[in-house]
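This report concerns only the one structure given below.
As the structure is a prediction and not an experimental result, all values here were calculated from the model. Numbering of residues begins at 1 and proceeds along the displayed sequence.
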Amino acid sequence: MSINVTRSSMPPFEEYCEEIKELWESHWLTNMGAKHVQLQAELEKYLNVPHVALYTNGHLALENAFEAFDFQPGSEVITTPFTFASTTHSIARSGLVPVFCDINPEDYTIDVSKIEALITDKTVAIMPVHVYGNLCDSDAIAEIAKKHGLKVIYDAAHAFGVTKNGKSVASLGDVSMFSFHATKVFNTIEGGALCFADDDMVTVYSRRRNFGLSGEGVVYIGGNAKMNEFQAAMGICNLRHLEEEIEKRRIAAEQYRKRLSNVSGIKLCAELPDVKSNYAYFPVVFDGYKYDRDQVFALLAENNVIARKYFFPLTNTFKCYTSLPTAGAEKTPVAAHIAECVLTLPLYADLSTEEVDTICDIILN
């Protein structure tokens, strides 16, 4: 049996069956049915935000966020290359230009000290990423955005349920996107959401994700990004068990820290006392260790442990972006270094401390 990098959290089989049972009575399977409405309300309460818009996946939610602001084609969005492809693609597929900013070497989020140097008369927004659930310097980002009149669209795919000083990460920026993909801390099989405070955007997002339809006809160029009832039902069930799932993740993460902290050449992300983590990932940077990252990756694989080079490669090295001025690993040297050295180790609610010890033994011995 292999130990995979992640494993989807699922409710008890009988619980999910009971949750979807009424769908055989109503035959209402999509188009904002009862499950959709229920999950939306429960998430607004859990995340402590005024509004949640549900989507069939997080990527379409990101694209919808850009489309709703009606930015001029060719406008620039400052973001990080140390992220999943979806982040950068959502900018480009919205007719905008990604501008890549380097990351800081502590938590791998966007380096706020380097943002202003990238702002031009074409810049319309900043798109930071809460990498591995590590929170960006939101205060500094908000200050820069206000100074230059920019929108802030957070890619919070990794940060569901994270709070800082009791404040939900979902409340940051003009809008925050969460992914509910099967591998995330909270999943709806596939899915995503936008969280926001502007009342005027409720109708905009609703119409944008449903072909632009309204009572007056078609008012926007929209697409089909609605979350269906089976996804919503899975979310309703998983939300009931979320805190216990996060606690199980915490126990596994603490065991990793116990074994791998204070080992020369191994760097772990710092734990912050004012942040309530969701323990989404366990990234380890191998820098000066007796094995490099690729050797550790291969050694684990030989022992049926599947880790992940995450994030590698940087999105500003993708062939489709090589013509951009900020493309190329040399333009973001800190991100390039971390991408060459980082490995995310297996972490999920059902991962036992014995399995963590097995993984650590392979790395250390």
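The nearest pair of heavy atoms linking Ala270 to Arg257 is C-NH2, 4.3 Å.
Side-chain contact of His181 with Ser179: a donor-acceptor pair under 3.5 Å is absent, judged by distance alone. Inspection of the Asn64 and Tyr205 side chains reveals no N or O donor paired with an N or O acceptor under 3.5 Å. No hydrogens or angles considered: nothing links the side chains of Gln255 and Thr353 as a donor-acceptor pair under 3.5 Å. Judged purely by distance below 3.5 Å, without hydrogens or angles, the side chains of Tyr289 and Gln295 never pair a donor atom with an acceptor atom. Inspection of the Asn228 and His36 side chains reveals no N or O donor paired with an N or O acceptor under 3.5 Å. Looking only at atom types and distance, the side chain of Asn104 has a donor-acceptor partner in the side chain of Thr109 under 3.5 Å away. In this structure, a donor-acceptor pair under 3.5 Å is present between the side chains of Ser352 and Glu355. Checked by atom type, the side-chain pair Asp199/His51 shows a donor-acceptor distance below 3.5 Å.
Between Gln231 and Met234, every side-chain heavy-atom pair lies at or beyond the 4.5 Å cut-off. A 4.5 Å side-chain heavy-atom check between Val52 and Phe196 finds every atom pair outside the cut-off. Counting heavy atoms from C-beta outward, Asp107 and Tyr132 have side chains that stay 4.5 Å or more apart. No side-chain heavy atom of Asn4 sits less than 4.5 Å from a side-chain heavy atom of Pro346. Between Val124 and Glu76 there is no side-chain heavy-atom pair separated by less than 4.5 Å. Between Cys237 and Arg240, the closest side-chain pair of non-hydrogen atoms falls below 4.5 Å. With contacts defined as side-chain heavy-atom distances shorter than 4.5 Å, the pair Tyr310/Pro283 does not qualify.
Taking CG of Leu300 as the start and CG of Leu343 as the end, the distance is 6.5 Å to the nearest 0.5 Å. In this structure, Ile91 CD1 and Met127 CE are separated by 5.5 Å, a value rounded to the nearest 0.5 Å. Note that NZ of Lys167 and OG of Ser138 are 6.5 Å apart. Values are rounded to the nearest 0.5 Å. One finds the OH atom of Tyr291 at 11.0 Å from the CD1 atom of Ile362 (value rounded to the nearest 0.5 Å). Ile153 contributes atom CD1, which lies 4.0 Å from atom CZ of Phe66 (distance to the nearest 0.5 angstrom). Interatomic distance, CZ of Phe100 versus OG1 of Thr315, reported as 4.0 Å (0.5 Å rounding).
The closest donor-acceptor contact from the side chain of Tyr279 to the backbone of Val185 lies at 3.5 Å or more, if one exists at all. A donor-acceptor pair is defined here as one N or O able to donate and one able to accept, closer than 3.5 Å; such a pair exists between the side chain of Lys331 and the backbone of Pro325. With hydrogens and angles disregarded, no donor-acceptor distance shorter than 3.5 Å links the side chain of Ser94 to the backbone of Leu96. Checked by atom type and distance alone, the side chain of Lys122 never pairs as donor or acceptor with a backbone atom of Val97 at under 3.5 Å. With Thr344 contributing its side chain and Arg308 its backbone, the two residues share a donor-acceptor pair below 3.5 Å. Side chain of Arg250 to backbone of Ser277: no donor-acceptor contact under 3.5 angstrom is found.
In terms of hydrophobic clustering, with Ile, Leu, Val, Met, Phe, Trp and Tyr side chains grouped at heavy-atom distances under 4.5 Å, Val263 and Val285 are assigned to different clusters. Transitive grouping of hydrophobic side chains (ILVMFWY, heavy atoms separated by less than 4.5 Å) keeps Phe71 and Val99 in distinct clusters.
Using a 4.0 Å cut-off between charged nitrogen and carboxylate oxygen, Arg208 and Asp70 count as a salt-bridge pair. A salt bridge links Lys114 and Asp102; the closest N-O separation between the charged side-chain nitrogens and carboxylate oxygens is under 4.0 Å.
Remark: of the listed residues Thr80, Thr317, Thr326, Asn316, Asn316 is the sole one forming a side chain to side chain donor-acceptor pair (under 3.5 Å) with Thr332. With Tyr154 as reference, Ile141 is the one residue of Ile141, Ile126, Val129 to meet the side-chain contact (heavy atoms from CB on, under 4.5 Å) rule.
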